[in-house]
Amino acid sequence: MSDPKDTINIENVVASTGIGQELDLQSVAMDLEGADYDPEQFPGLVYRTQNPKSAALIFRSGKIVCTGAKSTDDVHESLGIVFDKLRELQIPVDDDPEITVQNIVTSADLGRNLNLNAIAIGLGLENIEYEPEQFPGLVYRLDEPKVVALLFGSGKLVITGGKQPVDAEHAVDKIVSRLSELGLLD
Amino acid sequence: RLRKWQERIRTKDAGERNLQFALSEIDRMSSALGVPRSVREVASVIYRRALKEDLIRGRSIEGVSTSALYAACRQEGIPRSLEEVSEVSRVERKEIGRTYRYVSQELGLELEPVDPKQYVPRFASALDLSEEVQGKANEIIDETAEQGLLSGKSPTGYAAAAIYAASLLCNEKKTQREVADVAQVTEVTIRNRYQEQIEAMGIPS
DNA sequence: GCTTTAAAAAGTAAACT
DNA sequence: AGTTTACTTTGTAAAGC
């Protein structure tokens, strides 16, 4: 019996932090190679790191959002690169800015096809959203952990909204046991 | 005091005018879609419930009206696709879909996913196909859905493919383009669903 | 509410070859 | 006919309109 938990893979981590220093984004955009800054379109400056791959949104307030990292370690590594780049521009950056993980996106595989119609009825139409005309996934919101799962006919799923990697494991466990007790995993 | 009274009347009048506008829009769109009067009444009831539950706030009257009609068609078992509904509405498809999901959730409509078979009579008659073809299409839909092929697939594309397959099997062939046009899906979608359904039915191509 | 960023799932659409 | 690219859904922070 393969455990669906073993198939969990972190696909994206979103985190926020701040360097404790206001910035002149116009000059940062001039000096930082590869920076995208269009204040008319969006107030943040976009800076992409290559290793690890991620995208940082840098704001005038000095607050930064990092997205696209594949692990919490990568988030710290990516932001470390951003901090160093800013220091190279003679911008004072706090020694160890606090980094807060805001969202973790995970994928997993239940290992068997799912009858989404039956699952929609089984879990209760009031507890799910399943509109195959609009999107092929069934949307299932869990209270504990507080995450959202997207279930697909292939048995694969996406879990998002979690703040810790364990949230995805708990979510998969709950989903598997719930579907099992409803007899929808046979 | 007089001011407050006048304001109340003004608000009441505005609300009344908005309701009349919504109901006339539901009527206009219903006529354009050719849905029975009973469906318009169901749509009106849904719209009034949405109004009572204050679901219009932050949304357009047109959007809620259109969503109410879309929901009513589904509730009455004669669905119109979002594509079809958006053609007679001035709200775009994406907005109708998200407003429908919101209204449906808040009012607890609990509508089941659309059964592709519900599109068969309308699509088939638009294509001048016989009862035999319709029966065959329904058979294909039931049998392949039972094998789990329906999960995640759009009901219109699924019905279109089954009708296309049935028309071939009954020697009343319609081209993929003809079926795609009435169902408002692409030929690529019909080809993809058709291949799966034919294989699941064990019909050699 | 919107704007932007990232990534997965799987279906569909538009535009091509 | 089949391919490529792009969009649909979910969640999340940031600043500003």
Side-chain angles (χ1 to χ4, degrees), chain A residues 7-18 22-23 25 36-49 52-71 74-75 78 99-110 114 116 129-142 145-163 167-168, chain B residues 57-60 81-83 93-95 97-98 101 150-158 160 176 180 183-196:
Chain A
T7 69
I8 292 178
N9 191 28
I10 294 179
E11 306 288 354
N12 181 22
V13 178
V14 181
S16 60
T17 186
E22 294 238 340
L23 297 168
L25 295 184
D36 287 340
Y37 182 47
D38 183 357
E40 303 282 285
Q41 191 172 50
F42 187 69
L45 178 154
V46 181
Y47 181 73
R48 292 178 169 78
T49 63
K53 195 181 166 201
S54 76
L57 304 177
I58 305 172
F59 298 88
R60 182 188 46 78
S61 62
K63 291 188 175 179
I64 301 173
V65 172
C66 178
T67 70
K70 292 283 184 191
S71 68
D74 282 357
V75 164
S78 290
I99 295 172
T100 307
V101 172
Q102 303 287 0
N103 182 25
I104 296 179
V105 182
T106 300
S107 65
D109 192 348
L110 297 183
L114 302 176
L116 298 183
E129 271 190 51
Y130 176 48
E131 290 296 328
E133 186 184 348
Q134 301 186 53
F135 185 69
L138 182 153
V139 183
Y140 185 36
R141 293 181 163 78
L142 308 198
K146 191 179 172 283
V147 300
V148 174
L150 306 177
L151 307 179
F152 297 87
S154 63
K156 292 188 175 173
L157 61 152
V158 170
I159 292 168
T160 186
K163 299 214 183 281
D167 288 342
Chain B
R57 197 177 289 181
R59 262 157 272 271
S60 70
S81 68
L82 286 173
E83 199 61 50
R93 196 198 120 118
K94 184 175 163 184
E95 181 60 23
R98 89 168 44 165
R101 280 175 355 230
L150 180 56
S151 285
K153 269 79 163 203
S154 163
T156 47
Y158 207 86
Q176 294 180 359
Q184 302 240 248
V185 298
T186 64
E187 295 167 271
V188 178
T189 294
I190 292 186
R191 281 197 287 274
N192 291 336
R193 294 305 132 250
Y194 166 76
Q195 292 292 354
E196 291 177 352

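Letters go in sequence order (proteins before strands), and every chain restarts at 1. Values in this document were obtained by computation on a predicted structure and should not be read as measured data.
- As judged by a 4.0 angstrom heavy-atom cut-off over every strand, A/Ser107 is placed among residues making no nucleic acid contact.
- A donor-acceptor pair under 3.5 Å links the side-chain atoms of A/Tyr130 to the main chain of B/Gly152, judged by distance alone.
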Please enumerate all protein N or O atoms sitting under 3.5 Å from an N or O of nucleotides 7-9 of chain D, with distances to 0.1 Å.
| from | atom 1 | to | atom 2 | distance (Å) |
| --- | --- | --- | --- | --- |
| D/dT8 | OP1 | B/Lys94 | NZ | 2.8 |

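- Between D/dT8 and C/dC2, the distance separating the two P atoms is 12 Å to the nearest Å.
- Residue A/Lys163 has no polar side-chain atom (N or O) positioned under 4.0 Å from OP1 or OP2 of D/dA13.
- Of all non-hydrogen atoms in A/Ser54 and A/Thr49, the two that sit nearest each other are OG-OG1, 2.7 Å.
- Here the shortest heavy-atom pairing between B/Lys153 and A/Pro132 reads O-CB, 3.4 Å.
- Among the protein residues, A/Ser154 comes within range of the sugar-phosphate backbone only, with heavy atoms under 4.0 Å from sugar or phosphate atoms but none that close to a base.
- For C/dT4, the OP1/OP2 oxygens have a side-chain nitrogen or oxygen of A/Gln41 closer than 4.0 Å.
- Among the atoms of the strands shown, only primed sugar atoms or phosphate atoms (P, OP1, OP2) are found under 4.0 Å from some heavy atom of A/Val148.
- Between A/Arg60 and the phosphate of D/dA14, there is no side-chain N or O to OP1/OP2 separation shorter than 4.0 Å.
- In this structure, A/Arg48 reaches the C/dA6 phosphate: one of its side-chain N or O atoms is under 4.0 Å from OP1 or OP2.
- At whole-Å resolution of the value, CD in A/Gln102 and C1' in D/dT10 are 16 Å apart.
- The listed nucleotides are D/dT12, C/dA7, D/dA14; the one nearest the side chain of A/Val14 is D/dT12.
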Salt bridge (charged side-chain N to carboxylate O under 4.0 Å, His left out) between A/Glu131 and B/Arg101, intermediate numbers included: CA-CA 8 Å; A/Glu131 290 296 328; B/Arg101 280 175 355 230; over 6 Å; no
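- Of all nucleotides present, only C/dA13 satisfies the Watson-Crick or G-U wobble test against D/dT5, with each distance under 3.5 Å.
- At the heavy-atom level, B/Arg193 lies under 4.0 Å from the strands shown only through sugar-phosphate atoms.
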What verdict does the salt bridge (charged side-chain N to carboxylate O under 4.0 Å, His left out) test give for A/Glu129 and A/Arg141, after you've listed the backbone C-alpha separation in whole Å, the side-chain angles of each residue and the deciding distance to 0.1 Å? CA-CA 9 Å; A/Glu129 271 190 51; A/Arg141 293 181 163 78; 3.6 Å; yes
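- When heavy atoms are screened at a 4.0 angstrom cut-off, B/Gln176 is found touching the sugar-phosphate backbone but no base atom.
- Looking at heavy-atom distances under 4.0 Å, A/Ser54 makes no contact with the nucleic acid at all.
- Nucleic acid contact class of B/Val185 (heavy atoms, under 4.0 Å, all strands): sugar-phosphate only.
- As judged by a 4.0 angstrom heavy-atom cut-off over every strand, B/Gln184 is placed among residues touching the sugar-phosphate backbone only.
- The partner of D/dT10 is C/dA8, judged by Watson-Crick or G-U wobble contacts that both fall below 3.5 Å.
- Counting any heavy atom pair closer than 4.0 Å across all strands shown, A/Gly137 reaches no nucleic acid atom.
- Computed from coordinates, the A/Tyr47 OH to C/dA6 C1' distance equals 17 Å when rounded to whole Å.
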